[in-house]
Number of protein chains: 2
Amino acid sequence: MQMCPMSTHTENCLLCKARKPGWFCNLAPQALAEYDAMSSHVMLPMGSILFAEGQAARSVSVVCEGRIKLSRSSQDGKTLLVKIAKPGDVLGLSAALSKTPHEVTAQAIEHAQIKNFQQSDFLHFIQRHVEGSLHAAESLSNEYRTALSDACRLALSSSIAGRVAHLLLELAIEGGTDQDVHPEIHMPLTHEDLASMLGSSRESITRALNNLRRSGTISIRGTKLTILKKESLEMLL
Amino acid sequence: MQMCPMSTHTENCLLCKARKPGWFCNLAPQALAEYDAMSSHVMLPMGSILFAEGQAARSVSVVCEGRIKLSRSSQDGKTLLVKIAKPGDVLGLSAALSKTPHEVTAQAIEHAQIKNFQQSDFLHFIQRHVEGSLHAAESLSNEYRTALSDACRLALSSSIAGRVAHLLLELAIEGGTDQDVHPEIHMPLTHEDLASMLGSSRESITRALNNLRRSGTISIRGTKLTILKKESLEMLL
DNA sequence: ATTGACATGTGATGCACATCACACAGCTGC
DNA sequence: GCAGCTGTGTGATGTGCATCACATGTCAAT
């Protein structure tokens, strides 16, 4: 967690508490000033929709506070939960770079705060600052990798139990406490959410989690999920 | 299809015939020279493996000729066919930018030819040339979008028929002849390949395709697949 | 023509999971 | 206290598809 080089900026913007300090606190001061000048702060009340799937993309945003749900739906009402964006995450990047409509819907699931950029301003900025475009590339690289992982989880683990295990292990790695013996995951996700991340039904997730609990593989207290037997999860592939 | 600005270069490198002329023929002449100087041409015999899943990433490559299969496997032998890379595609980009091991295995399924860069050279190059890092970002953006699409196909279309329809429609768009009444798809893919793109079994794909043939929705002659009733495919979601 | 390797077609079987249906728990706001 | 909502637990039922098992087709090599 590194501090933002501009002290005045530190006070104004919550982003400096973000998990990805690389995103813009690493910009050279002069680029940072420019970056800051062209951004506007926006408050998103819980439930509000920042942009929707299929909409023309007009802005790029960086999450400062709160969680934003990124999802994609099919005609018949099914929904894939793509990601829960957290402070530091960039939204609308891929749409801006590919000059295509938004590929997902972004909805605030808590009261949230973002930094907002006109798409044209943003593109112009990264065209003039290598650091910016590199950060964009890195960010997209990570999004690509997680999307690929999602696809693999869905395609390769035939059983629901396998998919759940895979997801839990990934959340544990992402959660930071990596080589912990008993990694804990903070999961403010309903079974419904998990189901729509795993392309499954709510009931199946309930049953799968309970099986894991009963076999002593995991334990759940509130939003805290603890992995007790990592090997058991890995055995489910 | 635009010509490469350096005429000598045009003769040396088949990449100028690539589908994504944006990748490096758009570089300013001085950057292009530098780019060219640090690359080496490599021939890949059919079947050879450029890199494998989990390997430390040491280079970045651009496909000049031939097709490269990108896949990912699970312990129990199942394989997800991620993509068939074609001339102009960049390989190893995401591993380089995230500084992580390769996330897929790359195998030449034809005699192929690539331009190869030491990872460090490549990273250094894009750190000094905005055009380069922008191209990288765009490229990753596209990869992200297709990976996301794959995930959605797997998660949202419950039935095999739906997944097949979805894939065919996407291949048709990608294939270029977009608003054609009866889009044709050149598909040098076996049913086995399709199955491992769709997380399904070979037999199911055979049956699904034959159902579509019999209902007059598509027709197949050799590697040429023609979509006769686009609406019927869309109806399967 | 014969062999072999690989792609495709097709039936029979069983099971994992979606779906429906309902019960209960916890929490909020009156 | 009650009502209302959202999340969770659990049985019963039907089915889509993976899986197994072969048959047939296609193309190359010798």
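In the text below, chain A, chain B and the rest are named by the order of the sequence lines, each starting its count at 1.
Looking at the side chain of A/I160, the nearest of the listed nucleotides C/dA18, C/dG9, D/dC17 is C/dA18. When distances run from any side-chain atom of A/K78 to the nucleotides C/dT19, C/dT10, D/dT8, the shortest one goes to C/dT19. Picking from C/dG9, D/dA18, D/dG9 the nucleotide with the shortest atom distance to the side chain of A/R202 gives D/dG9.
Here the side chain of B/N142 pairs no donor or acceptor atom with the backbone of B/S139 at under 3.5 angstrom. Looking at B/E53, its side chain does come within 3.5 Å of a backbone N or O of B/S73 through a donor-acceptor pair.
Rounded to an integer number of Å, the gap from A/I205 CD1 to C/dC17 P is 10 Å. Per the geometry, CG belonging to A/N210 stands 11 Å off P belonging to D/dG11, to the nearest Å. Whole-Å rounding puts the B/L194 CG to C/dA7 C1' distance at 12 Å. The CG-P distance, from A/L212 to D/dT8, rounds to 15 Å in whole Å. B/R214 places its CZ atom 5 Å from the P atom of C/dT10, with the value rounded to the nearest Å. When rounded to the nearest whole Å, the span between CZ of B/R221 and C1' of C/dA7 equals 19 Å. Rounded to whole Å, atom P of C/dA7 lies 14 Å from atom CE of B/M187. Following rounding to the nearest Å, B/H191 (NE2) and D/dA18 (P) show an atom-to-atom distance of 15 Å.
Within the 4.5 Å cutoff, the side chain of B/I84 has heavy atoms near those of the B/L189 side chain. In this structure, the side chains of A/H111 and A/M43 come closer than 4.5 Å at one or more pairs of heavy atoms.
Summary of helix geometry: the two end axes of the helix from C/dA1-D/dT30 to C/dC30-D/dG1, each defined by five base pairs via their C1' atoms, are inclined to each other by 40° (rounded to 10°).
At a threshold of 4.0 Å, the pair B/R153-B/D150 counts as salt-bridged, since one of the basic side-chain nitrogens sits closer than that to a carboxylate oxygen. No salt bridge links A/K83 with A/E143; every basic N to acidic carboxylate O contact stays at or beyond 4.0 Å.
Below the 3.5 angstrom threshold, one finds a donor paired with an acceptor across the side chain of A/R207 and the base of D/dG11.
The shortest distance between the side-chain N/O atoms of B/S158 and the OP1/OP2 oxygens of D/dG16 is not below 4.0 Å. Listed pair A/S204 / C/dC17 fails the phosphate criterion, with no side-chain N or O lying under 4.0 Å from OP1 or OP2.
Taking the nucleotide of DNA chain C with the nearest heavy atom to each of A/S159 and A/E203, the more 5' of the two is matched to A/S159.
Each of B/L168, B/I185, B/T226 was checked for a side chain to side chain contact (heavy atoms under 4.5 Å, CB included) with B/I218, and the lone residue meeting it is B/L168.
Looking at heavy-atom distances under 4.0 Å, B/T190 makes contact with sugar-phosphate atoms alone, never a base.
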